[in-house]
Amino acid sequence: MPDLDLPAISQLPWAVGHDRFLAAAAAVTAEGACCLFVIDEAIPASARSGYAALVIAYARANEPVTILEGGAAALLIRTGGVASGETAARRLLKQMNKLGLQQTLRAGVSSLAEGVDGAIARARDLATEATAGEVAVAS
């Protein structure tokens, strides 16, 4: 597909494609986790790429980020499981708070032990159910 056909949000620098994210996550052991950041529905679609770019900017070099439908950003945590994922999500929300944007994001964290697709779906469910500016963690 030519770049011109892609939505602007998928063309963000440093975001990895969904297939590459899945492959990277599949290579991680059960010690990995998925953090998923959901943008408040009040934020217009045209502004969501800026949020995703901030998630990418605040992620560490070894934490790949992919952009999903609706502008949600999935962050791969390679080691440390859900505890490290929660720490990363809180770190990112703290940075967003400095910009006054924390209340427009929600985060969910799920272990990769249940498989990559399951972890992404579970993290999205958790993020959707979380209070604005908070992190929900799979138990």
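Looking at heavy atoms from C-beta onward, Ile56 lies in side-chain contact with Ile67 at the 4.5 angstrom threshold. Within the 4.5 Å cutoff, no side-chain heavy atoms of Leu36 are placed close to those of Leu75. With contacts defined as side-chain heavy-atom distances shorter than 4.5 Å, the pair Val82/Ile77 does not qualify. Leu105 has its side chain within reach of Leu93: a pair of non-hydrogen atoms, C-beta onward, lies under 4.5 Å apart.
Residue pairs meeting the salt bridge (Lys or Arg N to Asp or Glu O under 4.0 Å) criterion with at least one member in residues 126-139: none, sequence neighbours excluded. Residues in residues 55-65 take part in these salt bridge (Lys or Arg N to Asp or Glu O under 4.0 Å) pairs, two or more places apart or across chains: Glu63-Arg91. Evaluation of the salt bridge (Lys or Arg N to Asp or Glu O under 4.0 Å) test over residues 31-43, restricted to residues two or more places apart or in two chains, returns Asp40-Arg106.
By the salt bridge (Lys or Arg N to Asp or Glu O under 4.0 Å) test, Arg90 pairs with Glu86, sequence neighbours left out. Every residue two or more places apart in sequence or in another chain was checked for a salt bridge (Lys or Arg N to Asp or Glu O under 4.0 Å) with Arg78, and none qualifies.
Taking every heavy atom of both residues into account, Val135 and Ala89 meet most closely at CG2-CB, 3.7 Å. Heavy-atom minimum distance, Tyr51 versus Met96: O-CE, 4.1 Å. Summarising the geometry of Phe21 relative to Val65, their closest heavy-atom pair is CD1-C, 4.4 Å, with the distance given to 0.1 Å. For Ala74 against Leu68, the heavy-atom pair with the smallest separation is CB-CD1, 4.0 Å. Among all heavy-atom pairs drawn from Ala73 and Val55, the shortest one is CB-CG1, 3.8 Å.
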Which is it for Leu99 and Leu54 under the side-chain contact (heavy atoms from CB on, under 4.5 Å) test, yes or no, and what are the steps along the way? CA-CA 10 Å; Leu99 299 172; Leu54 288 171; 3.9 Å; yes
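The CZ atom of Phe37 sits 4.5 Å away from atom CG of Leu92, with the distance rounded to the nearest 0.5 Å. A distance of 7.5 Å separates CD1 in Ile43 from CZ in Arg48, rounded to the nearest 0.5 Å. For the atom pair CD of Gln95 and CD of Gln102, the computed distance is 10.5 Å after rounding to the nearest 0.5 Å.
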Could you pull out every donor-acceptor pair under 3.5 Å between side chains of residues 107-124 and any protein atom, sequence neighbours left out?
residue: Ser110; atom: OG; partner: Glu114; partner atom: OE1; Å: 3.3
residue: Ser111; atom: OG; partner: Ala113; partner atom: N; Å: 3.0
residue: Arg124; atom: NH2; partner: Glu69; partner atom: OE2; Å: 2.7

